[in-house]
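Each chain gets a letter, A, B and so on, in the order the sequences are listed, and its residues count up from 1. These numbers were taken from a predicted model, which means no experiment stands behind them.
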Amino acid sequence: MSRYEPRAIEERWQEVWEREDAWRVAGPGEDGFDPSRPSAYVLEMLPYPSGEPHVGHLKCYAVGDAIAHFRRRNGFQVIHPMGYDSFGLPAENNAIKTGEPPLEATTRSIESFSRQFREWGISIDWSREVATHTPEYYRWTQWIFLQLLEAGLAYRDRAPVHWCPEDATVLANEQVVDGRCERCGTEVETRNLEQWFFRTTAFADRLLTDFDLLESWPEHVVTMQRNWIGRSEGAEVTFRCEEAGIEFPVFTTRPDTLFGATFFVLAPEHPDLERLVAGTDAEEPVRQYVNQVSREAPGARAEGDRPKTGVPLGKTVTNPVNGEEIPMFVADYVLMDYGTGAVMAVPAHDERDYGFAREFDLPIRRVIEGEDPDAPGDDDGLPYTGDGPMVNSGRFDGENNREAYPEIVTWLEEEGRGGPSVNFRLRDWLVSRQRYWGAPIPVVHCPDCGIVPVPEEDLPVILPEVDDYAPKGKSPLEAATSWVEVACPACGSDARRETDTMDTFVDSSWYFLRYLDPDNGTAAFDRAKADHWMPVDQYIGGVEHAILHLLYARFVVKALADLGHLETVEPFRNLFAQGMITRDGAKMSKSKGNTVSPAEYVERFGADSARTYVCFMGPPERGGDWTDEGVEGVNRFLARLWRIASDLAPDEPDPAAARCPDGVDGPARELAAKASWAIDKATRDFSRDFQFNTVIAAVMELVNEAYRLRDELEGSESGRAVLRYSVATAASLIQPFAPHLAAEVWAMLVGGEVWREPWPEADPELLTSETVEIVVQVNGKVRDRIEVAEGAGEEEVLALARSAGNAARHLEEGEVVKEVFVPGRLVNFVVRGA
RNA sequence: GCCCGGAUGGCGGAACGGUAGACGCGGCGGCCUUAAAAGCCGGUGUCCCGAAAGGGGCGUGCGGGUUCGAAUCCCGCUCCGGGCACCA
C-alpha cells in the first residue's frame, strides 16, 4: 500500500492550476466576462511583505480561500486577487541599519510571500497582482491625493502634531496608542509643524450613518469605530470675559447643568491665553505652567486618575444664564483639540470638574437632585451624573433636567448665546510623513504661486534614490537636490518639490479598486469595472485593523464616490475578523521564540494539512493555540481520506461516482444517508458564520462512516459504488480547505476537476429515516429511548413511551399530571407525588 | 471606570429552549507485526450500587429566577481576554 504524499500531490495540482489559469476571472470589458452569472468579490487584507508569511497570514488566506472556493462552486464568478502593501517602515529601518535599499529587501520579501502563497495553493487570480511601492501603483495613489486636494479634502496646516522621536516622523492620532508610537512603542512628543491632512471629519456623520448600509460586520468592530468617531450631541454656549472683551464659546453635552458652572477652564494651548494674562500677576505662573505641560509627554497627560493641576488666570467670565462672574483657570485636563479648547466647569455634575474643584477648593453647586439622596460618595453623592429634578436653576427649578435640556438650548439660541451643537472625537487624518519609503506627495512649493499640484499628466512623481535613509527630522528626500529642485508647473520659476511622503495607510485605502483594473494606464480604475465588482462581498482580516485601515478605506471610498469616480460608498459589505493564533497560550513573537513558521509545516505535512488545521482549530473568528498534535491529527484525517480513495479507485475513474447510486438499502443506504447528512450539515455551517470547524468535523464523520461500513460494502459492486460516491463526496466537501487532496481524490474516483464541480446537493429522501429515536423523560430526566416510525403521532408515541421498561418504572412513582410531546424528538411525563 | 467577548471532560472545541460532551487531540485496551513505526478496531465526564446485564446520583465559572424541560432565556456576581479611557 502506498502512502499519502502531500508534497507530490500539491505540486502536481498547482501546476495544473497555473497551466489552466484556473482562478482567472474577467470583469466587464474583459475577455471571457459572463454578465449572466452572478459575481462575488472575496478579499483578504493585503499583506505587508516582510521576511516570510506567518501563521496569521496562513489563517487569513486559508479562510478567505475557503470562502472563495465555496462561492465559485455555488455558481459565482469570484474575483480573488492578491497584492502587497509594500511601502513602509520595516524595510526602511532595515535600510538604515544595513544600507540595503528598501526596494531590494521589499522585492525579496514579495518573492518569498508570492512563492509561499502559491505553495499554499491559494486560488488567486495572479494576473491582478499589485504592489503599492511600484510607480504604476503609486501614480494613482498620488492621483487620489490630487483629487482630494482639488476637492478641498486634502489641506496643509500648522498644528500641534504627534512626533515619534524614534521613527523621526509625525504620526496620525490613530497611530498613537497610550501616548506611544503604535509602531515602535516610543513615547511620542508634541510638535508644532505644518503638515498635510485629509479631511476625514467632513465625513464624520456619514462614517457613522453608513454603518446601516453594511450587511454583516462584527458588532465589536462597528462599536470600536463608533467610539473612535465619538459623536456627541450637545450645545455651544458663549461665555464672555468683559474685562478682556473676549468671547469664549464652549461645547457641552450638559447645557442642563449651566446653572451649576462655578468656574471656567482653558486648555494650556488656548490661543487667547497669552492675551488674557499679559502684564498681570498671573502672567509668570501661567507661562511656567504652560511650559511645564508642553514638556510633558502627551501620554502622561492622558492619564485620567492623576491629580488635577492648573493655574488661576485672575480673570472672570460671565455665565450667560444667570449673569454670574466665575473665575478662569488654565488646566491641562482641558484639551485644545476637542471642542473649543475651553470648558465650563460644573463640579457638582462632572467628575473631572469635581476633581479640580476639590484640588483648588472651589465652590460646588448642586443643580440636579439625585433620585437617591443617600447615594454613596462624598458631598452627598457628588459628583452626580444622573438625571433628576433641577434646583438652584432659576425658573427651571423643579423641572426634570431632561425636559429642561431642550428649553435651555432654545433659550440660548434666542438670546444669541449659543445653540445646539455636535462634536466629534474624530480628527482629520494626518497623512504626511518625513520618511523615505512611501509615495511622494505630488505637489510643488513655489515662492510665487504657493502650493501647486503636480499636473496629472506628470504623474507619477517618482521616488528618487538617495544614499542615506536615516531620518533627520525632515524627509531623507531633502537630500535628493536634483529631484527637489524643479520648475513651478504653474509659472515656471524655481520651485521645490514637497519632500514628505504619504502615510502607507493611504496606499492600502484603495488597493481593492486597483485589483479590478490593474493594468489601466490612463486611470486608477475603470468605473464600469468598479461598479460591477464593488463593494467587496466578503472582506477578511485581523481585528487589529478594526479602526485604522477600515476607517481610512471607508473615507477614501466615500470621497471617490462623492467625486463621481465610483458608485459604492461603503467598500466592504461583509467583514470577517479572524482571531489570533497563539502558541503555548501566548502571542507569537520573535523575542519569545514561540513563532510558528508555516513553511516548516507545509514541508512536513503539506499545505492542505496546514490550511485545514487552522480552519479546524475552532470558530475562525476566535483565536486558538497552535499545537503540533493538532496539525498531525488533521494530517492523519487527510491521509485516511486519501488511503480509502486510493484503495477504492478503479482502473479508470468513473463519472458515475459523482452521484449517489439509486435504490440502495441496508448498510449502503446508511452510508449514502451519512453522505447526504454531511452535505447538508457542511452547506449549512458554511453559510452560517463560517463554522469551518464543524464543516470539517462533518466530513470526518463521513469518512469514519465509510471506514466503518467498508468491509460490508466492498464485496458487492453496488456497495463499492456507494463507497466511491461517499468518498468522492467527502473530497468534494473538503475541497475548499484541502483543494489539492480533493482534486487528487476526485480525479482518481470520478475523473475531472473538482474545483469546477458544483457544490454537492443532499438527497432529501436520504435526510429522513424510517424510524427515529424518541427520548422518554420523566420530570425532565432521560429515562428511556424508544424507536418509533418517522412521523408517528402523539397518541402512538405516548403509549409506547408509557410502556417503555425503564420509563414505566419511574411513572409508577406518582401521578402523571402532564405529558409533553415534541414530534420526532422526545416526550416528557410530569409526575407528581413521587 | 466604561464598552465588547469568553468560561462546557485531561486539552481544542460540539450542542434550532428538548439525548450535554459531535469532531479532533491525549491517554487506555485490542488486532496486525519476530518487534517497532504506520495502520485498523474499541473504550474514555465523574461518583455510587451490581459478578454482569443494568440502574442511580452529580455534572456546562458562582447565586437566584422563568419553564414540563436551561450550557442555551432573565436578574445579580466572580474570574479571564480584548478595546476605549481627562473627548467636556
(request) Examine the side chains of A:Tyr338 and A:Ser232 and answer whether a donor and an acceptor come within less than 3.5 Å of each other. (result) yes
(request) Grab the CZ-C1' distance between A:Phe821 and B:G69 for me, whole Å please. (result) 16 Å
(request) Could I get the full list of ring pair (Phe, Tyr, Trp, His ring centres under 6.0 Å) partners for A:His270, not counting sequence neighbours? (result) A:Phe248
(message) Give me the distance, rounded to whole Å, that separates B:U34 from B:G24 when you measure between the P atoms they each carry.
(response) 30 Å
(message) Once rounded to the nearest 0.5 Å, what's the spacing between atom CG of A:Leu671 and atom CD of A:Glu712?
(response) 10.5 Å
(message) Between A:Asp387 and A:Asn401, is there a side-chain donor-acceptor contact under 3.5 Å, judged purely by atom types and distance?
(response) yes
(message) I'd like to know if the side chain of A:Asn704 pairs up with that of A:Arg640 as donor and acceptor (distance under 3.5 Å, no hydrogens or angles considered).
(response) yes
(request) Using whole Å, report how far CZ of A:Phe263 lies from P of B:A88. (result) 17 Å
(request) Answer with base, sugar-phosphate or nothing: what part of the nucleic acid does A:Ser232 contact at a heavy-atom distance below 4.0 Å? (result) sugar-phosphate
(message) Could you measure the distance from the NE2 atom of A:His349 to the CD1 atom of A:Ile364? Nearest 0.5 Å is fine.
(response) 10.5 Å
(request) Write down the distance separating the P atoms in B:G39 and B:G26, rounded off to the nearest Å. (result) 10 Å
(message) Please compare A:Phe829 and A:Met344 by the position of their nearest nucleotide in RNA chain B and report the one closer to 5'.
(response) A:Phe829
(message) For A:Phe686, give me all partners under ring pair (Phe, Tyr, Trp, His ring centres under 6.0 Å), at least two apart in sequence or on another chain.
(response) A:Phe70, A:Phe692, A:Phe737, A:Trp759
(message) Let me spell it out: for each of A:Thr253 and A:Gly633, pick the nucleotide of RNA chain B with the closest heavy atom. Which residue's pick is nearer the 5' end?
(response) A:Gly633
Provide a list of protein-nucleic acid N or O atom pairs under 3.5 angstrom, restricted to nucleotides 40-44 of chain B.
residue: B:C40; atom: OP1; partner: A:Arg640; partner atom: NH1; Å: 2.7
residue: B:C40; atom: OP1; partner: A:Arg643; partner atom: NH1; Å: 3.2
residue: B:C41; atom: OP2; partner: A:Arg640; partner atom: NH1; Å: 3.4

(message) Taking the P atom in each of B:C11 and B:G45, what is the distance between them to the nearest angstrom?
(response) 13 Å
(message) Please give the distance between the P atoms of B:C25 and B:A20 as a whole number of Å.
(response) 25 Å
(request) Could you tell me which residues satisfy salt bridge (charged side-chain N to carboxylate O under 4.0 Å, His left out) with A:Arg231, sequence neighbours excluded, listed by chain and number? (result) A:Asp205, A:Glu233
(request) Sort and list the pairs that fulfil salt bridge (charged side-chain N to carboxylate O under 4.0 Å, His left out) and have at least one residue in residues 620-632 of chain A, not counting sequence neighbours. (result) A:Arg583-A:Asp628
Every protein N/O within reach of nucleotides 29-33 of chain B N/O, cut-off under 3.5 Å:
none

(message) Looking only at side-chain N and O atoms, does A:Asp428 offer a donor or acceptor that is under 3.5 Å from a partner on A:Thr201?
(response) yes
(message) Under the rule for salt bridge (charged side-chain N to carboxylate O under 4.0 Å, His left out), what residues qualify as partners of A:Arg254, not counting sequence neighbours?
(response) A:Asp256
(request) Remember a base hit wins even if backbone is also touched, and classify A:Val817 as base, sugar-phosphate or nothing at under 4.0 Å, heavy atoms. (result) nothing
(request) May I have the distance from A:Asn227 (atom CG) to B:A85 (atom P), rounded to whole angstrom? (result) 9 Å
(message) Apply the syn/anti split at 90° from 0 to B:G45 and say which one it is.
(response) anti
Can you give me the N/O atom pairs linking the protein to nucleotides 65-67 of chain B at distances under 3.5 Å, or say none if there are none?
none

(request) With sequence neighbours excluded, tell me which residues meet salt bridge (charged side-chain N to carboxylate O under 4.0 Å, His left out) with A:Arg365. (result) A:Glu324
(request) Please state how far atom CE in A:Met224 lies from atom P in B:C4, giving the value in whole angstrom units. (result) 14 Å
(message) Whole angstroms only, please: what is the CG-P distance between A:Asp784 and B:G54?
(response) 12 Å
(message) Using a 3.5 Å limit for the pairing distances, which stems of at least 3 consecutive Watson-Crick or G-U wobble pairs does RNA chain B take part in?
(response) B:1-7 with B:78-84, B:10-12 with B:23-25, B:28-31 with B:39-42, B:45-49 with B:54-58, B:61-65 with B:73-77
(request) List in chain and number order the residues that pass salt bridge (charged side-chain N to carboxylate O under 4.0 Å, His left out) with A:Arg802, two or more places apart in sequence or in another chain; answer none if no residue qualifies. (result) A:Glu819
(request) Take the protein atom CD1 of A:Ile734 and the nucleotide atom P of B:G24, then report the distance between them rounded to whole Å. (result) 12 Å
(request) Would you mind telling me which of B:A88, B:C4, B:C23 lies closest to the side-chain atoms of A:Glu701? (result) B:C23
(message) I'd like the P distance from B:C79 over to B:C86, given in whole Å.
(response) 24 Å
(request) Just call it for A:Arg427: base, sugar-phosphate, or nothing, with non-hydrogen atoms closer than 4.0 Å on any strand. (result) base
(request) Would you tell me whether A:Tyr333 and A:Asp353 have side-chain atoms, one donor and one acceptor, within less than 3.5 Å of each other? (result) yes
(message) What does the B/S/- profile of nucleotides 8-20 of chain B look like, 5' to 3', with a 4.0 Å heavy-atom cutoff to protein?
(response) ----SSSSB-BBS
(message) Is it true that A:Thr309 and A:Tyr289 share a donor-acceptor pair across their side chains at a distance under 3.5 Å?
(response) yes
(request) Let me know the distance between OH of A:Tyr338 and P of B:C84, rounded to the nearest Å. (result) 17 Å
(message) Within the structure provided, determine whether A:Thr257 and A:Met344 are in side-chain contact (heavy-atom separation under 4.5 Å).
(response) yes
(message) Once rounded to the nearest 0.5 Å, what's the spacing between atom CG of A:Leu550 and atom NE2 of A:His545?
(response) 8.5 Å
(request) Please report, rounded to the nearest Å, how far the P atom of B:A85 is from the CZ atom of A:Arg226. (result) 18 Å
(request) Looking only at side-chain atoms of A:Glu219, point me to the closest of B:C4, B:A88, B:G26. (result) B:C4
(request) Classify the glycosidic conformation of B:G57 as syn or anti, calling it syn when the angle lies within 90° of 0. (result) anti
(request) Check whether more than 12 heavy atoms from other residues, nucleotides or ligands sit under 6.0 Å from atom CD of A:Glu787, and answer yes or no. (result) yes
